Amino acid sequence: MINVYSTMLRDKEELKVKENKIKLFVCGPTVYDYSHIGHARTYISFDIIVRYLKYNGYSVFYLQNITDVDDKIINRAKKTGEDPLKLAHRFEKEYLNDMKRMNVTNVNFYARATEHIDEIINQIQTLIDKGFAYETSTGVYFDESKFPDFGKLSNRNVDELTNNRINVDSTKKDPRDFALWKKQDTQPYWNSPWGNGRPGWHIEDTAITESYFGSQYDIHGGGLDLIFPHHEAEIAQMEAASGKKPLVNYWMHTGFLNVSGVKMSKSLGNFITIKELLEKFEPDVYRFFVLSTHYRSPIDFSDDILKQAETSLERIVKTCSNINEALNSSTLPDKDNGAIINQLDLFINDFFKAMDDDFNTPIALSVLFDFIRFLNKQLADNNISKSTLITIKDALMDVEYIFGLTLFKDTNIVDTDLSDDLLSILTDVRSDLRNNKQWDLADKIRDDLSGLNIDLEDK
């Protein structure tokens, strides 16, 4: 039984879904700049959660949006002189590459906002038809006064919400009302029943999730900073449009990331991108760092803490290497004492007990280290039989999968012995792609071959 903490309930509850099938949506990035280590913390956390759910037999459809039209993108494009959509898609590519390097591999589909404009317009029209939205000279707005449950996720009252609004648009009925459609005649814009314009930030998510999941689904995730106003707006939009409650059964949020005890900010000079991080540390080190703190808790980043994570991870990897060496030894005993099996059973039980308790990775890691210490002594004393050692390795490889780490380095090597004929075919295909200006596919072949230690040079 897996228990999860639901932000709406403010307590843990048993995860219950139909037919072991889970529809999960996590808010994706606004692609106007390189992704930062705060993004990585959230997406690694949900990647581990999905891995554990799959390990336990759940079928997970993990959907993530890409906000590729937004004020931040447009303002950045004005500064660089770049087309806003081209800029967004350039940084989207960087983001996806960062996620690949971080071994965040369980997202089934990335949905661009700009590829769901029709769905966005349809949802806005539904809200207008049902009396939850209205049009002004500047756009279309959601009328929060018509949705009395607004604020139920963040547990804020109406007066507080009103006082927190800035840049008030005088055409709106109420300062609390948020934009569904922003009218504009400068690029990028799309035609709509209300004139040229572009979607607001909140509406893209519910239009996308309704397209793939329907009006209700299982889990919605994201960073703690998105609860208000973004997730509140999503609840209001979808529940108002569909007439069904709740929008989702479980709200899950990751805690804030600080840098040396201070909130990360470009103005403070402590803003760290994933690309910058990976110039100093291996991806597995950052994943291990994320695992060391519960996903709901705040996490503090510093070089010293990352170096500690690096050292701790090396200890585990070294033990896994020792296991492989022992398995190749001819001097293993035929039998081992009962204490070894008992300790293995205790480790497995306590590890999964921690993960079942709202994916408590720091406790699971603590259990792992206790077992590693015991295991190292038994390996040094040559007390473990080959059959038991294989069972131990299988258990640790389960941990390797769930955490998304590479612990048994020599068992993750792919056979790269490609024949000359196959290489010739691949290079010919790539040449044709380049001649037809299909650069992305051509680059993918080159990059995939590079991952197999085969370098192509374009003459």
Side-chain angles (χ1 to χ4, degrees), residues 1-17 22-29 38-50 52-53 58 60-65 67 107 142 144 147-158 160-161 164 176 178 201-206 208-210 213 215-240 242 244-258 263 290-291 293-299 354-363:
M1 180 180 72
I2 297 176
N3 290 313
V4 301
Y5 182 91
S6 176
T7 308
M8 183 72 77
L9 185 65
R10 293 173 181 79
D11 200 356
K12 296 175 189 175
E13 57 182 323
E14 182 182 351
L15 178 65
K16 295 180 180 179
V17 295
I22 295 175
K23 297 174 182 177
L24 164 68
F25 175 74
V26 176
C27 291
H39 293 134
R41 190 270 169 103
T42 291
Y43 300 132
I44 288 172
S45 294
F46 279 102
D47 184 73
I48 292 165
I49 287 169
V50 173
Y52 190 67
L53 292 172
Y58 291 94
V60 184
F61 181 1
Y62 181 1
L63 175 67
Q64 195 177 114
N65 71 304
T67 300
V107 179
F142 186 91
E144 285 187 18
F147 191 79
D149 283 346
F150 198 89
K152 62 183 177 181
L153 181 64
S154 58
N155 200 27
R156 299 190 184 194
N157 61 51
V158 173
E160 183 182 359
L161 300 179
N164 279 344
R176 293 178 296 153
F178 55 86
W201 176 33
H202 312 306
I203 193 69
E204 67 170 276
D205 283 8
T206 48
I208 286 171
T209 55
E210 186 182 27
F213 294 161
S215 56
Q216 294 177 296
Y217 55 100
D218 302 299
I219 302 175
H220 190 316
L224 201 63
D225 56 318
L226 296 179
I227 293 177
F228 178 83
H230 188 48
H231 291 165
E232 293 285 12
E234 285 188 61
I235 293 170
Q237 289 166 170
M238 196 66 254
E239 291 186 1
S242 69
K244 298 177 182 178
K245 298 180 182 181
L247 165 60
V248 296
N249 294 322
Y250 306 93
W251 285 92
M252 301 178 69
H253 292 94
T254 55
F256 292 113
L257 181 141
N258 298 317
K263 183 178 179 180
V290 170
L291 285 160
T293 301
H294 192 276
Y295 76 90
R296 286 190 287 112
S297 300
I299 190 169
M355 293 300 294
D356 285 344
D357 184 19
D358 194 33
F359 315 100
N360 198 325
T361 56
I363 296 298

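When a residue number appears, it is its place in the shown sequence, counting from 1. No hydrogens, no waters, no symmetry mates; every other heavy atom, side chains included, goes into these values. A quick note: this is a predicted structure, and the numbers were derived from the prediction, not measured.
- Checked against side-chain hydrogen bond (donor to acceptor under 3.5 Å, both in side chains), D356 has the following partners two or more places apart in sequence or in another chain: Y52.
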*side chain to side chain contact (heavy atoms under 4.5 Å, CB included) between Y62 and F46, worked out*: CA-CA 10 Å; Y62 181 1; F46 279 102; 3.7 Å; yes

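- Atoms CG and CD, from D149 and E144 in turn, are 12.0 Å apart once rounded to the nearest 0.5 Å.
- In this structure, NZ in K245 is found 13.5 Å from CE in M238, a value given to the nearest 0.5 Å.
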*Output, in order, the C-alpha distance, side-chain angles, deciding distance and verdict of side chain to side chain contact (heavy atoms under 4.5 Å, CB included) for R176 and F150.*
CA-CA 10 Å; R176 293 178 296 153; F150 198 89; 5.8 Å; no

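- Within the model, atoms CG of N360 and OH of Y295 stand 9.5 Å from one another, a figure rounded to the nearest 0.5 Å.
- Remark: side-chain polar atoms of Q237 are paired, donor with acceptor, to backbone N or O of H202 under 3.5 angstrom.
- A heavy-atom distance below 4.5 Å is not found between the side chains of E232 and F147.
- The backbone N or O of H39 lies less than 3.5 Å from no partner atom in the side chain of R41, so there is not a single donor-acceptor pair.
- Within the 4.5 Å cutoff, side-chain heavy atoms of V4 are placed close to those of F359.
- For the pair S154/H231, no side-chain contact is recorded, criterion being any heavy-atom separation below 4.5 Å from C-beta on.
- The CD atom of Q64 lies 8.5 Å from the SG atom of C27; values are rounded to the nearest 0.5 Å.
- Judged by distance alone, with hydrogens and angles left aside, the side-chain atoms of T361 form a donor-acceptor pair with the main-chain N or O of L291 at under 3.5 Å.
- Between F178 and W201, every side-chain heavy-atom pair lies at or beyond the 4.5 Å cut-off.
- For the side chain to side chain contact (heavy atoms under 4.5 Å, CB included) with L15, the lone residue among N3, N249, D358, L53 that qualifies is L53.
- Here the side chain of Y5 pairs no donor or acceptor atom with the backbone of H253 at under 3.5 angstrom.
- The environment of NZ in K244 is sparse: at most 12 heavy-atom neighbours from other residues, nucleotides or ligands sit within 6.0 Å.
- With hydrogens and angles ignored, the 3.5 Å screen pairs a side-chain donor or acceptor of T7 with a backbone N or O of W251.
- Under the 3.5 Å distance criterion, with hydrogens and angles disregarded, a donor-acceptor pair is assigned to the side chains of T67 and E204.
- Checking side-chain atoms of E239 against main-chain N and O of L247 turns up a donor-acceptor pair under 3.5 Å.
- A distance of 8.5 Å separates CG in L24 from OH in Y217, rounded to the nearest 0.5 Å.
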_What verdict does the side chain to side chain contact (heavy atoms under 4.5 Å, CB included) test give for N65 and F25, after you've listed the backbone C-alpha separation in whole Å, the side-chain angles of each residue and the deciding distance to 0.1 Å?_
CA-CA 8 Å; N65 71 304; F25 175 74; 3.5 Å; yes

Under 3.5 Å, sequence neighbours excluded: what are the donor-acceptor pairs made by side chains of residues 218-228?
residue: D218; atom: OD2; partner: K23; partner atom: N; Å: 2.7
residue: H220; atom: NE2; partner: E234; partner atom: OE1; Å: 2.9
residue: H220; atom: NE2; partner: E234; partner atom: OE2; Å: 3.2

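- Distance CD1/I44 to CD1/I49: 12.0 Å, rounded to 0.5 Å.
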